[in-house]
Amino acid sequence: MLTYLAEKVAGGEADQLKEYVVAIEGLGKPASYDPQQNSTVRIQVGRLRQKLAEYYRTEGLHDL
C-alpha cells in the first residue's frame, strides 16, 4: 500500500488517489468493488497512517 501510494504521488498522480482506484490498482480488488459496502481501503489507509505516525514518533523522529 505504501509503495503504491508513494509511486502515485511521486508520479504526479496524487489527484487520482480515490478510494475505488486504490482498491482496484493498489489492493487488487475486483472491478465490482463497492466502497459503500466494503471499507477495506479506509481500514488499510487508517492502519498505514497509524504505523507512519508511530514510526515518526519513535525511530523516525529525525527523518522529517
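Since the model is a prediction, treat every value here as computed from it, not as a measurement.
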Enquirer: Among all residues two or more places apart in sequence or in another chain, which pass the salt bridge (Lys or Arg N to Asp or Glu O under 4.0 Å) test with Glu19?
Expert: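 So Glu19 forms a salt bridge (Lys or Arg N to Asp or Glu O under 4.0 Å) with Arg42.
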Enquirer: Taking the side chain as every heavy atom from C-beta outward, state whether Leu61 and Tyr56 have any atom pair closer than 4.5 Å.
Expert: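 No, side chains not in contact.
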Enquirer: Are the side chain of Tyr33 and the backbone N or O of Ile24 linked by a donor-acceptor pair below 3.5 Å?
Expert: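 No; zero donor-acceptor contacts below 3.5 Å.
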Enquirer: Atom CG of Leu48 and atom CD1 of Ile43: how far apart are they, to the nearest 0.5 Å?
Expert: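 If I round to the nearest 0.5 Å, the distance is 14.0 Å.
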Enquirer: About how many Å separate OG of Ser32 and CD of Gln37, when rounded to the nearest 0.5 Å?
Expert: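 With rounding to 0.5 Å, CD (Gln37) is 11.5 Å from OG (Ser32).
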Enquirer: Quick check for you: to the nearest 0.5 Å, what is the distance between Glu25 atom CD and Lys18 atom NZ?
Expert: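 Going from the CD atom of Glu25 to the NZ atom of Lys18 covers 13.0 Å.
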Enquirer: With Arg49, which residues qualify under salt bridge (Lys or Arg N to Asp or Glu O under 4.0 Å), at least two apart?
Expert: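 If we apply the salt bridge (Lys or Arg N to Asp or Glu O under 4.0 Å) test to Arg49, skipping adjacent residues, there are no hits.
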Enquirer: Mind checking the CZ-CG spacing from Arg57 to Leu52? Nearest 0.5 Å is all I need.
Expert: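 Those atoms lie 10.5 Å apart.
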Enquirer: Compare every heavy atom of Tyr20 with every heavy atom of Ala31, then report the nearest pair and how far apart it is.
Expert: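 Taking Ala31 first and Tyr20 second, the nearest heavy atoms are O-OH, 2.6 Å.
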Enquirer: Start with the C-alpha distance between Leu17 and Tyr4, add both sets of side-chain angles, then the distance that settles side-chain contact (heavy atoms from CB on, under 4.5 Å), and finish with yes or no.
Expert: CA-CA 10 Å; Leu17 291 174; Tyr4 170 78; 4.0 Å; yes
Enquirer: In terms of side-chain geometry, is the basic nitrogen of Lys51 or Glu54 positioned less than 4.0 Å from the acidic oxygen of its partner?
Expert: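 The answer is no: the pair does not qualify as a salt bridge.
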Enquirer: I'd like to know whether Met1 forms a side-chain contact (heavy atoms from CB on, under 4.5 Å) with Val22, so could you lay out the CA-CA distance, the side-chain angles of the two residues, the decisive distance to 0.1 Å, and finally the verdict.
Expert: CA-CA 9 Å; Met1 172 77 76; Val22 172; 3.9 Å; yes
Enquirer: Kindly compute the distance separating OG1 (Thr3) from CG (Leu5), expressed to the nearest 0.5 Å.
Expert: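 Going from OG1 on Thr3 over to CG on Leu5, the span is 9.0 Å.
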